[in-house]
Colleague: 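Can you read through this structure? Questions will come right after.
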Amino acid sequence: MSSNLAIVKKQMRAACKEAGRNPDEIDLIAVSKMFAVEQILPVLQAGQKRFGENRVQEAQRKWPQLREQYDNIELHLIGPLQSNKTKEAVELFDVIHTVDREKIARALKKEMDSQGREVELLIQVNTGEEPQKAGIAPLQLADFVSFCRDELQLKIAGLMCIPPVDEEPALHFALLKKYADELGLEKLSMGMSADFETAVALGATYVRVGSAIFGARDYR
Ligand SMILES: *Cc1c(COP(=O)(O)O)cnc(C)c1O
């Protein structure tokens, strides 16, 4: 696990060099969803601080105890957020990548105000316009960003996407980068185990890497 982490970091550095980017601009999120605490420990011991989970409840089971043992853990929510889980999400996560509708934006604003806690927020964009996939449609993105900024006074840090499995991810990464530039947003969460090098080349500032670090997930 920790040797995989070292390999991924090396690949990121090589991709940065190739693309003429500064490695400090890109943050690696180790996606620990479906991996147990015992499997996460070696990666923590290797010095990784930034982790991603896709379910609030699973993260609640795993991370409070790990945070007692390790300082400065940064936790990212990269899966869909239900509005009845916003309280827990704001308590637990430092960054939420999956804001994609007004109801969630409102609920997050309310929770952050009442907890007095600022969470970094990214909007998930359904760049492939897939009906089953979360994320705001590209055509509605500009209005949604205005709604968050102007109506809710909610700070939006950037955009996130998950390309369709059967399409060239580069097209989606380039599209996300274009939207972010148009809207003046800095952070770009894109790229997973299979395509993080492509994402780095196209401007990612967060890459979300799971299986290349932890091994294959067991979905049974
Ligand atoms: C699981 C997951 C990842 C990591 O996927 P790997 O292919 O294991 O690297 C990244 N992003 C999201 C949103 C995920 O759900």
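Just so you know, ligand 1 is whichever comes first in the structure, and atom 1 is the first atom listed for that ligand.
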Colleague: Mind checking what makes ring pair (Phe, Tyr, Trp, His ring centres under 6.0 Å) contact with F173, not counting sequence neighbours?
Modeller: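 By the ring pair (Phe, Tyr, Trp, His ring centres under 6.0 Å) rule, F173 matches no residue at all.
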
Colleague: Give me the nearest non-hydrogen protein atom to atom 9 (O) of ligand 1 as residue plus atom name, then the distance to 0.1 Å.
Modeller: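 Among all protein heavy atoms, the one nearest atom 9 (O) of ligand 1 is S193 OG, 2.5 Å.
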
Colleague: Between G210 and ligand 1, does any nitrogen or oxygen pair lie at a separation below 3.5 Å?
Modeller: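 Yes, at least one N or O pair falls under 3.5 Å.
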
Colleague: Find all atoms of ligand 1 within a distance of less than 4.0 Å from any non-hydrogen atom belonging to V209, and give their numbers and elements.
Modeller: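 What qualifies from ligand 1 is 9 (O).
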
Colleague: Among all protein heavy atoms, pick out the one at the shortest distance from atom 14 (C) of ligand 1; state its residue, atom name and that distance to 0.1 Å.
Modeller: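 Heavy-atom neighbour on the protein nearest atom 14 (C) of ligand 1: K33 NZ, 3.0 Å.
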
Colleague: N54 versus ligand 1: do any nitrogen or oxygen atoms come within less than 3.5 Å of each other?
Modeller: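 N/O-N/O distance under 3.5 Å: no.
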
Colleague: Kindly say whether A212 contributes a backbone atom to a donor-acceptor pair with the side chain of S193 at under 3.5 angstrom?
Modeller: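 Looks like yes, one N/O pair under 3.5 Å.
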
Colleague: Return yes when atom NZ of K110 has more than 12 non-hydrogen atoms of other residues, nucleotides or ligands closer than 6.0 Å, and no otherwise.
Modeller: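 Count not over threshold, so no.
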
Colleague: Kindly identify the option in M190, M192, Q124 whose heavy atom sits closest to atom 3 (C) of ligand 1.
Modeller: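 Heavy atom nearest to atom 3 (C) of ligand 1 belongs to M192.
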
Colleague: Of the non-hydrogen atoms in H97 and I29, which two are nearest, and what is the gap between them?
Modeller: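 Heavy atoms of H97 and I29 come nearest at CE1-CD1, 3.5 Å.
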
Colleague: Go through ligand 1 atom by atom and flag the ones less than 4.0 Å from a non-hydrogen atom of I162.
Modeller: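 Answer, ordered by atom number: 13 (C).
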
Colleague: Starting from atom 12 (C) of ligand 1, find the nearest protein heavy-atom neighbour and note its residue, name and distance.
Modeller: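 For atom 12 (C) of ligand 1, the nearest protein heavy atom is I78 CD1, 3.5 Å.
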
Colleague: Just so I know, are the side chains of Q48 and I213 near enough to count as touching, which here means a heavy-atom distance under 4.5 Å?
Modeller: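 No. Closest side-chain heavy atoms not under 4.5 Å.
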
Colleague: What protein heavy atom sits nearest atom 11 (N) of ligand 1, and how far off is it?
Modeller: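 Going by distance alone, atom 11 (N) of ligand 1 is nearest to R208 NE, 2.8 Å.
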
Colleague: Please work out whether any backbone atom (N, CA, C, O) or any side-chain heavy atom from C-beta onward of R217 is under 4.0 Å from ligand 1, and answer side chain, backbone, both or neither.
Modeller: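 Side chain only; the backbone of R217 stays clear of ligand 1.
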
Colleague: Tell me whether Q60 contacts the main-chain N or O of L92 through its side chain, where contact means a donor paired with an acceptor under 3.5 Å.
Modeller: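 No, the answer is negative, given that no donor and acceptor are paired below the 3.5 Å cut-off.
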
Colleague: Using every non-hydrogen atom in the two residues, find where K49 and D71 come nearest and quote the distance to one decimal.
Modeller: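 For K49 and D71, the tightest heavy-atom pair comes out as NZ-O, 2.9 Å.
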
